[in-house]
2 protein chains.
Amino acid sequence: MARAATTSDAFNAVAEPRRRQILSYLAAHERPVAEIVTALKLDQPSVSKHLGVLRSVGLVRVRCDGRQRFYRTNAAAIRPLHEWASEFEQLWKHQLSRVKERAEEKANEVKSKSNPHS
Amino acid sequence: MARAATTSDAFNAVAEPRRRQILSYLAAHERPVAEIVTALKLDQPSVSKHLGVLRSVGLVRVRCDGRQRFYRTNAAAIRPLHEWASEFEQLWKHQLSRVKERAEEKANEVKSKSNPHS
DNA sequence: AAATTACATTCTTATATGGGAATATGTCAA
DNA sequence: TTGACATATTCCCATATAAGAATGTAATTT
């Protein structure tokens, strides 16, 4: 089996750096495609294709007005990612404090070695 | 250009569901490969390959003991993901409350329509 | 109607999978 | 040394890109 489609879920869609850029850019305001193109310096077809992926997993929404299409990020679709990562929040805090402790221990060892008679 | 390698960063590595499973499984304790195989019902080569990807982006660490290799998740490597998603936290809270408001407005409208003389 | 604007879609191509099967490597036991 | 055991690596293949170029489509203007 090949890699899962980028359109299969938010995790796969967000793996692409440009799509993350687009989501961040669209977080504040809705924007027409052309503005994304100039702001992020990407080709228009590329932007449209990325938006298509984002739309297919619900990460962005569109509003049509004449010939313009205003995209905005649907932040709620990012929650699953945030929640999955939160599973590990306590863990990395513990791990970091342990690293800190060991660093301090080591510092003390070095101290006593370099100054054995102190 | 093809899709970025799964080994290019945590975002790409974590896009694969089995790798997320593995990370969750290894969050509590370190485990030898064989236990991952039986617990998640995957083939051994598959697990080794996924672990290779996870290791290459620093999401897991290994400790060798005889012929066993104990893997544990390095939670700190998940932080970038969590922090990126956090960018949108305020936004989805606002969006959700707006949806709620509009739902309530709509409910009131329906109420007054079905009971116009109240 | 013809030209223009704003996007979307299609095609091609180099590249990277993930799973399965087979095999290699490294370590301990008899 | 010869097995047995725990993992890793290699090969093959169907599939899925993402970028670039070209083209299609719908709405607006002249």
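The structure displayed is predicted, hence computed values, not measured ones. In what follows, chains carry the letters A, B, and so on, assigned in the order in which the sequence lines appear, proteins first and then strands, with residues in each chain numbered from 1.
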Inset, instruction - From the options C:dT9, D:dT7, C:dA6, select the nucleotide whose nearest atom is closest to the side chain of B:Q44. - result: D:dT7
Legend entry - Axial cation check for B:Y25 ring with B:R31, 6.0 Å and 45° limits: yes
Inset, instruction - Using a cut-off of strictly less than 4.0 Å, decide whether A:T6 has a side-chain nitrogen or oxygen near OP1 or OP2 of D:dT17. - result: yes
Inset, instruction - Hey, which sits more toward the 5' end of DNA chain C by its nearest nucleotide, B:D43 or A:A2? - result: A:A2
Inset, instruction - Could you tell me whether the phosphate oxygens of D:dT17, OP1 or OP2, come under 4.0 Å of any side-chain nitrogen or oxygen in A:R3? - result: no
Inset, instruction - Classify the nucleic acid contact of B:P32 as base, sugar-phosphate or nothing, counting any heavy atom under 4.0 Å across all strands shown. - result: sugar-phosphate
Inset, instruction - Answer with base, sugar-phosphate or nothing: what part of the nucleic acid does B:R19 contact at a heavy-atom distance below 4.0 Å? - result: sugar-phosphate
Legend entry - Pairing of A:R3 and B:E16 as salt bridge, 4.0 angstrom limit: no
Inset, instruction - Can you figure out which of D:dA19, D:dA6, C:dG18 approaches the side chain of A:S46 most closely? - result: D:dA19
Inset, instruction - Among D:dA19, C:dC7, D:dC11, find the nucleotide with the atom closest to the side chain of B:K49. - result: D:dC11
Legend entry - Phosphate OP1/OP2 of D:dA18: any A:R18 side-chain N/O under 4.0 Å: no
Inset, instruction - Check whether any side-chain nitrogen or oxygen of A:Y71 sits under 4.0 Å from OP1 or OP2 of C:dA8, and answer yes or no. - result: yes
Inset, instruction - Indicate whether the side chain of A:H50 and that of A:R19 have a donor and an acceptor atom separated by less than 3.5 Å. - result: yes
Inset, instruction - Between A:V33 and A:A4, name the one whose nearest nucleotide on DNA chain C is closer to the 5' end. - result: A:V33
Inset, instruction - Among the candidates D:dT7, D:dA16, D:dA4, find the nucleotide nearest to the side-chain atoms of B:R67. - result: D:dA4
